[in-house]
Amino acid sequence: MRVLVTGGAGYIGSHTVLQLLKSGHEVSVIDNFSNSSPESLRRVVELAGTGVNIANIDLLDEGRMQGELLRFRPEAVIHFAGLKAVGESVAQPLKYYRNNVAGTLNLLDAMDAAECRTLVFSSSATVYGESTELPLLESTPRSATNPYGRTKLHIEEMLEELAASDERWSIANLRYFNPVGAHESGMIGEDPQGIPNNLMPYVSQVAIGKRDAVQVFGNDYGTADGTGVRDYIHVLDLAAGHLAALDYLADSNGVNVWNLGTGSGSSVLEVIDAFARVSGRPVPYRITDRRPGDVAESYAHPEKARLDLGWKAERGLEQMVEDMWHWQEKNPDGFPDLDSNKLDPQELRNFVLGNSGEKKRPKKP
Ligand code: NAD
Ligand code: UD1
């Protein structure tokens with residue numbers, strides 16, 4: 001199948017593009033590299049042994065979006081591109097609404113023009129807001145506690161209205177729990193810019209010695225050890241969920257919603273322990289105040305995805321931490337900077353950087 005992947009150079013996107021290529025799909029990536037490096041895709045191509053088309057396009061560039069969709073004529077789109085930092089969304093809400101909501105509108109218009117109406121959207125467990133009904137079901141009422149979460153909620157609602165207005169649309173809203181881990185090769189993984197906001201990358205940087213200590217945001221929650229509990233899911237399991245959703249959408253219409261989680265949670269202290277064990281390094285931590293907006297516990301009811309998609313998460317916390325540590329050790333500073341102008345066309349067979357006119361464009365084979 002011809003699959004267009006927005007945000008395909010990013011953390012979850014790159015792992016999914018690799019699985020798509022390995023399953024024989026033809027893939028075109030749209031990314032503006034605002035939070036990623038083309039190096040991730042260079043490595044994906046190396047791991048897959050096959051090429052991927054890359055278009056350096058911003059979702060907000062309506063004309064180039066339409067041009068790329070009309071050129072590639074995808075049969076389905078997986079839409080990862082978006083900004084995801086909660087704190088930044090509070091400081092710069094308009095940036096988030098513009099990039100995430102307006103960017104998605106442009107994508108939907110371009111899909112309509114190219115007569116592609118099959119879409120897998122990266123939603124998030126953040127749409128459950130501060131719900132304390134556990135486990136979280138797809139039917140649990142939605143709410144948002146910050147602009148980032150509200151962009152996901154607005155997009156979910158927009159997609160529901162779109163599918164209700166035109167039955168040719170077939171859409172999956174995938175609500176990810178907490179994606180962690182990396183490809184077992186250690187060649188691709190999460191490469192946070194600056195100080196990581198999320199627990200796992202932070203712990204990993206403490207274990208490698210880049211940061212002094214983990215701040216544990218509260219140990220007075222009503223959980224077994226008092227620290228926050230989350231449903232961490234291996235990024236490879238998550239990627240597999242997208243392929244399963246694509247298969248399902250081929251024979252359905254309307255909007256389908258699936259939680260992608262493991263169904264069980266781990267506490268902050270359990271994560272720290274697992275990292276110290278796997279890395280053989282000390283992981284110092286100190287208890288601080290709760291982080292505003294955090295819930296005590298969040299974990300999925302993952303049965304709907306198992307029943308509808310035949311998908312379930314296979315990897316446990318130990319595996320997630322091992323793979324994350326392997327990536328961290330091999331790439332202590334993340335991806336090296338790769339100037340998209342200097343991609344070597346010989347090395348990157350089939351790896352086409354569709355770029356603005358003045359940039360060098362490697363030849364198609
Ligand atoms: P990421 O930042 O690694 O990847 C997102 C990609 O989108 C990046 O490569 C970035 O350059 C690109 N992008 C952003 N804005 C763009 C634009 N206007 N035009 C073109 N490209 C653009 O993030 P990720 O962790 O891979 O997350 C992927 C998606 O999943 C996001 O939509 C995110 O909100 C959602 N999600 C992530 C998590 C998580 O914890 N990682 C959890 C739930 C949901
Ligand atoms: C956070 C976002 C959520 C987003 C998700 C993406 C907030 C309030 N929520 O979720 O909207 O969808 O990331 O993956 O930012 N913790 C520490 N010390 C740290 C970092 C985290 O103790 O340095 C704790 C948190 O309190 C929480 C757990 O670790 O209990 C996991 O935190 P994190 O990785 O940030 O994920 P979420 O809070 O679930």
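Along the sequence shown, residues carry numbers from 1. Start at 1 and go down the list; that is how both ligands and their atoms are numbered. What you see is a predicted model; the values in this text were computed from it and never measured.
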- [ ] Can you measure from OG (Ser124) to CG (Leu174) and round to the nearest 0.5 angstrom?
- [x]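 Interatomic distance, Ser124 OG to Leu174 CG, rounded to 0.5 Å: 11.5 Å.
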Protein heavy-atom partner closest to [atom] - residue, atom, separation in Å:
atom: atom 9 (N) of ligand 2; result: Val86 CG2, 3.9 Å
atom: atom 24 (C) of ligand 2; result: Val268 CG2, 3.6 Å
atom: atom 25 (O) of ligand 1; result: Lys84 NZ, 2.7 Å
atom: atom 10 (O) of ligand 2; result: Asn178 ND2, 4.2 Å
atom: atom 15 (N) of ligand 1; result: Asn99 ND2, 3.2 Å
atom: atom 6 (C) of ligand 2; result: Asn198 ND2, 4.0 Å
atom: atom 12 (O) of ligand 2; result: Ser124 OG, 3.3 Å
atom: atom 26 (O) of ligand 1; result: Ile12 N, 2.8 Å

Output the list of atoms in ligand 2 that are nearer than 4.0 Å to some heavy atom of [X], sorted by atom number.
X: Asn197; answer: 20 (C), 35 (O)
X: Thr126; answer: 11 (O), 12 (O)
X: Tyr232; answer: 28 (C), 31 (C)
X: Val216; answer: 22 (O)

Task: 4.0 Å heavy-atom contact, Pro179 with ligand 1 - done: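 For ligand 1, residue contact (heavy atoms, under 4.0 Å) with Pro179 is present.
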Open item on the list: For Ile57, state whether at least one heavy atom is located under 4.0 Å from any atom of ligand 1.
Closed with: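 Ile57: in contact with ligand 1 (<4.0 Å).
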Open item on the list: Can you check which of Tyr221, Tyr148, Phe217, Tyr202 brings a heavy atom nearest to atom 19 (C) of ligand 2?
Closed with: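 Looking at heavy atoms only, the winner is Phe217.
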Open item on the list: Please compare Gln215, Glu297, Arg230, Arg291 and report which has the shortest non-hydrogen distance to atom 23 (O) of ligand 2.
Closed with: Gln215
Can you find an N/O atom of [X] closer than 3.5 Å to an N/O atom of ligand 1?
X: Tyr176; result: no
X: Ser124; result: no
X: Gly10; result: yes

Open item on the list: A quick test of your reading: do over 12 heavy atoms of other residues, nucleotides or ligands sit less than 6.0 Å from CD of Glu167?
Closed with: no
TODO: Flag Pro179 as yes when one of its N or O atoms lies below 3.5 Å from any N or O atom of ligand 2, and as no otherwise.
DONE: no
TODO: May I ask you to identify, for Tyr176, whether its side chain, its backbone, both or neither come under 4.0 Å of ligand 2 on a heavy-atom basis?
DONE: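 No part of Tyr176 is near ligand 2 at this cut-off.
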